[in-house]
Amino acid sequence: MVITLPDGSERTFSAGVTGLAIATSIGKKLAQDALGVTVDGKLCDLDAPITRNAAISIVTFDSPAGKEIFWHSSSHLMAQAIEELFPGAKFGAGPAIEQGFYYDISYPERFKEEDLRSIEAKMLEISARDITITREEMPRLQAVDYFRNTRQDPYKVEILEETLKDVETVSVYHQDGFADLCSGPHLPATGKVKAVLLTNVSSSYWRGDSSRESMQRIYGISFPSDKLLKEHVNRMEEARRRDHRKLGSELGLFMLTPEVGSGLPIWLPKGAIVRNELETFLKAEQRKRGYVPVYTPHIGNIELYKRSGHYPYYSDSQFPPLTYKDETGREEQYLLKPMNCPHHHLIYSSSLRSYRDLPIRLSEFGTVYRHEQSGELNGLVRARGFTQDDSHIYCRPDQLVDEICNAIDLTRFVFNTLGFDDVETRLSLHDPANQAKYGGTAEVWEQAEKDVREAADRMGIKYFVGIGEASFYGPKIDFIVRDAIGRKWQLGTVQVDYVMPERFDLNYIGCDGQKHRPVVIHRAPFGSMERFIGVLIEHTAGNFPLWLAPVQAIVLPIAEDVHEYAQEVRQALFAAGIRTDIDLRSEKIGKKIREAELSKIPCMLVIGKNEQEAGEVSLRRHRKGDEGRIGVNDLIAKLREEIDQRS
RNA sequence: GCUGAUGUAGCUCAGUCGGUAGAGCACUUCCUUGGUAAGGAAGAGGUCAUCGGUUCAAAUCCGAUCAUCAGCUCCA
């Protein structure tokens with residue numbers, strides 16, 4: 001039997017050889033590190049016999065597949081520890097996740113912080129026992145009996161009787177007295193897990209259904225060595241330092257206060273500069289690309305949102321309507337604007353449109369208010385009041401794919417300028433099994449999804465498909481980035497809409513003299529200014545590029561005798577439009593530099609007698625250090641160039 | 001909204017058994033006039049999230065509310 005290794009070399013083994021045996025034949029170290037094996041691309045247990053010629057690859061902790069096996073087994077290890085410490089605990093789902101694992105547990109007592117520590121200790125103890133983990137294939141009905149009567153775990157029985165009801169044979173993994181229904185693969189033995197950290201306990205609903213019972217979910221992460229765990233803990237601490245909520249108040253960018261209301265961010269002067277720069281940047285770019293600006297009010301008659309269909313779909317997540325009664329008793333209801341689209345549609349239909357006028361691209365930084373659930377609020381990235389860089393493009397069907405491509409291009413331009421290179425793109429399509437969630441006919445959806453796919457393909461975007469992620473009026477392309485602790489946030493979006501033109505009876509006169517329906521594209525490259533800047537803060541750790549920095553330069557005179565010259569330098573930079581502060585305190589230069597560094601000011605201009613005599617400054621860059629002396633005019637030219645290039 | 005945790009000076013945090021509030025940094029003033037990440041001294045700063053209860057006495061114990069954090073659910 002011939003086994004092909006990842007480097008292309010071939011080796012002969014007798015039939016039934018295991019991954020472990022192959023690893024051992026290659027090297028001792030590999031055999032030690034081996035967690036699983038892929039056989040012709042399929043991930044398998046290390047002790048599974050290989051019965052035919054195959055290409056195999058030994059999986060270690062270094063690979064994503066290795067981590068998944070490791071963490072999945074760790075969740076079983078945790079379950080076993082909990083079962084030994086807390087008899088009667090019932091187990092729901094316990095998968096590996098991107099950063100570790102969790103297990104959902106039903107147990108009458110609340111797990112406390114101390115419990116997590118004792119579970120960790122028990123896990124390490126079970127690891128030290130180095131129990132062999134074995135797989136058993138079992139007919140499904142036998143498994144039902146086993147989990148109902150032997151294991152007495154109703155959740156596993158439910159999975160067997162519902163999710164797996166059409167499956168003949170299932171697999172069960174055993175380690176000592178503990179057993180779990182699981183498709184695997186798993187580690188060969190518990191001893192591989194050398195370091196474990198249980199991070200928190202929170203609640204979850206059984207099967208993610210808020211009408212079902214609440215379970216306790218314990219999150220953890222584990223590693224094959226203490227060293228790797230320490231590195232992970234350090235990374236987490238670094239992430240906390242980058243948290244935009246922390247940096248936002250340290251750097252004076254924004255604030256949140258219950259005196260205004262939760263989820264309603266206030267932009268402080270420094271944060272307002274960042275936001276304003278971004279808005280100016282996008283406005284200029286949109287002007288080049290044929291967008292025209294509009295402004296619309298912050299509230300609108302509720303009938304508008306009933307007509308658009310937003311109100312019934314989203315009434316839960318809106319602030320309650322304002323009711324106004326005039327002296328005749330006539331009542332009107334207004335809604336705090338939850339989205340900008342209906343207003344823009346009215347602008348479109350305010351005059352007769354010819355096919356020659358299209359596409360029409362209406363744009364607005366529109367502030368909207370949504371009553372997000374309290375538990376969902378999160379600094380700037382999830383707020384109740386936020387501003388969308390919203391635009392609606394009205395075009396003819398034959399222009400649609402081009403216009404989607406243009407919108408994708410603009411979004412990519414924005415992301416590239418701001419240095420977001422790790423962006424995932426999701427093609428968000430509707431869920432055919434849940435038709436009630438959507439407006440519009442099946443034909444319209446089919447066309448819309450075909451169009452976005454075509455545009456995405458033409459733009460060469462690497463995307464993944466998200467079924468059920470579409471909005472109620474159409475499919476979309478979403479640009480998703482991660483925050484400092486790895487959580488994903490949707491920023492930019494491009495959405496196709498055949499539904500609103502119907503609801504608002506939008507039309508244009510075609511070359512045949514007849515009325516036709518335009519198509520609408522909703523798009524927002526930043527998405528929400530708040531969320532975008534929140535993620536940008538974490539992405540840059542508050543070290544904004546020069547063009548965005550709230551304070552671009554600070555003049556640091558060494559002693560009082562050069563204060564006058566220092567003021568002149570500051571004025572010169574100011575006159576060139578460079579945001580420049582000056583530190584005139586009677587502190588030593590070391591302290592002034594330290595504080596400027598901590599404030600993350602990109603350029604420090606150190607000035608003493610030497611600089612004054614030569615008409616120069618000493619330029620020190622944030623996190624880079626002294627760059628030497630430069631004439632004031634040269635400095636201004638250099639900084640202006642960097643700012644204008646947005647480099 | 002749900003489950004759990006947390007809330008003390010502008011910030012980071014101490015505060016024992018219930019006995020009336022503490023540090024460092026920041027801030028203000030004074031001294032110091034300096035060369036690339038913390039010069040010195042003094043001063044000021046708190047209705048211990050809010051409201052209610054227990055108690056001779058509450059930052060501390062109990063309850064409610066608000067807010068924040070983690071996760072779940074949701075996301076136009």
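Each chain gets a letter, A, B and so on, in the order its sequence line appears, and its residues count up from 1.
Taking atom P in both B/U20 and B/C48, one finds a spacing of 14 Å when rounded to whole Å. Between B/A9 and B/U47, the two C1' atoms lie 14 Å apart (nearest whole Å). Comparing the C1' positions of B/U16 and B/C61 gives a spacing of 16 Å, expressed to the nearest Å. For B/G45 and B/A64, the P atoms lie 36 Å apart once the distance is rounded to whole Å. Look at the P atom in both B/G15 and B/A67: the space between them is 28 Å, to the nearest Å. B/U55 and B/G46 have their P atoms separated by 32 Å, with the value rounded to a whole Å. Using P as the reference atom, B/C62 and B/C11 are 26 Å apart when rounded to the nearest Å.
Counting non-hydrogen atoms under 4.0 angstrom, A/Tyr219 reaches the backbone sugars and phosphates but no base. Within 4.0 Å of A/Ser317, counting heavy atoms only, lies at least one base atom of the nucleic acid. In this structure, A/Leu377 reaches the sugar-phosphate backbone alone: every heavy-atom distance under 4.0 Å involves primed, P, OP1 or OP2 atoms, never a base. Within 4.0 Å of A/Tyr473, counting heavy atoms only, lie sugar-phosphate atoms of the nucleic acid but no base atom. Using a 4.0 Å heavy-atom distance criterion, A/Ser374 is classed as a base contact. Residue A/Tyr205 is in base contact, counting any heavy-atom pair closer than 4.0 Å across all strands shown. At the heavy-atom level, A/Glu627 lies nowhere under 4.0 Å from the strands shown. The residue A/Ser204 sits close only to the backbone: its heavy atoms come under 4.0 Å of sugar-phosphate atoms, none of a base.
Using N1 to N3 plus N6-O4 or O6-N4 for Watson-Crick, or N1-O2 and O6-N3 for G-U wobble, each under 3.5 Å, B/A37 pairs with nothing. Pairing for B/G10 goes to B/C25, judged as Watson-Crick or G-U wobble with the two contacts each under 3.5 Å. Pairing partner, B/C51: B/G63, with both Watson-Crick or wobble hydrogen-bond distances short of 3.5 Å. Across the strands present, B/U68 finds its partner in B/A5; the criterion is a Watson-Crick or G-U wobble pair with both atom distances under 3.5 angstrom. Under the Watson-Crick or G-U wobble criterion, with both distances below 3.5 Å, B/A44 has no partner in any strand shown. Across all strands shown, B/C17 forms no Watson-Crick or G-U wobble pair with both key distances under 3.5 Å. Using Watson-Crick or G-U wobble geometry with both donor-acceptor distances under 3.5 Å, B/A57 finds no partner in any strand shown.
With a 4.5 Å cut-off on side-chain heavy atoms, A/Arg620 and A/Ile593 count as touching. A/Ile480 is not listed as a side-chain neighbour of A/Leu491, based on a closest heavy-atom distance of 4.5 Å or more. Looking at heavy atoms from C-beta onward, A/Val617 lies out of side-chain contact with A/Val606 at the 4.5 angstrom threshold.
Not one side-chain nitrogen or oxygen of A/Ser214 sits closer than 4.0 Å to the OP1 or OP2 atom of B/U3. A/Asn200 has no side-chain polar atom (N or O) that falls below the 4.0 Å cut-off from OP1 or OP2 of B/U3. Between A/Tyr313 and B/C75 there is no side-chain N or O to OP1 or OP2 distance below 4.0 Å. Between A/Arg245 and B/U68 there is no side-chain polar atom (N or O) within less than 4.0 angstrom of OP1 or OP2.
Contact of A/Arg382 with B/C75 (side chain to base): a donor-acceptor pair of N or O atoms is detected under 3.5 Å. Residue-to-nucleotide contacts include no donor-acceptor pair under 3.5 Å from the side chain of A/Arg207 to the base of B/C72. Checked by distance alone, A/Ser202 brings no side-chain donor or acceptor within 3.5 Å of a matching partner on the base of B/G4. With hydrogens and angles ignored, no donor-acceptor pair under 3.5 angstrom links the side chain of A/Ser308 to the base of B/A76.
Note on ring orientation: taking the six-membered ring where Trp is involved, the planes of A/His522 and A/His392 are perpendicular (angle over 60°, cut-offs 30° and 60°).
A ring-centre distance under 6.0 Å is found for A/Phe91 and A/Tyr103.
Minimum atom distance to the side chain of A/Tyr314 is reached by B/A76, of the listed B/A76, B/A67, B/C72.
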Protein within reach of the bases, or only the backbone? For nucleotides 28-38 of chain B, mark each nucleotide 5' to 3' as B, S or -, using heavy atoms under 4.0 Å.
---BBBBBBBB

For A/Phe319 and A/His371, what are the C-alpha separation, side-chain angles and deciding distance, and is it a ring pair (Phe, Tyr, Trp, His ring centres under 6.0 Å)?
CA-CA 5 Å; A/Phe319 280 93; A/His371 194 269; 5.0 Å; yes

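Along RNA chain B, the nucleotide closest to A/Gly379 and the one closest to A/Arg531 are compared, and the more 5′ of them pairs with A/Gly379. Projected onto RNA chain B by closest heavy-atom contact, A/Pro258 and A/Glu372 fall at different nucleotides, the more 5' of which corresponds to A/Pro258.
Ion pairing between A/Arg241 and A/Glu250 fails under the 4.0 Å rule for side-chain N and carboxylate O.
Dense packing is recorded around CD of A/Gln435, with more than 12 heavy atoms of other residues, nucleotides or ligands lying under 6.0 Å away.
Checking A/Tyr473 against A/His310 by side-chain atom types alone, no donor-acceptor pair falls below 3.5 Å.
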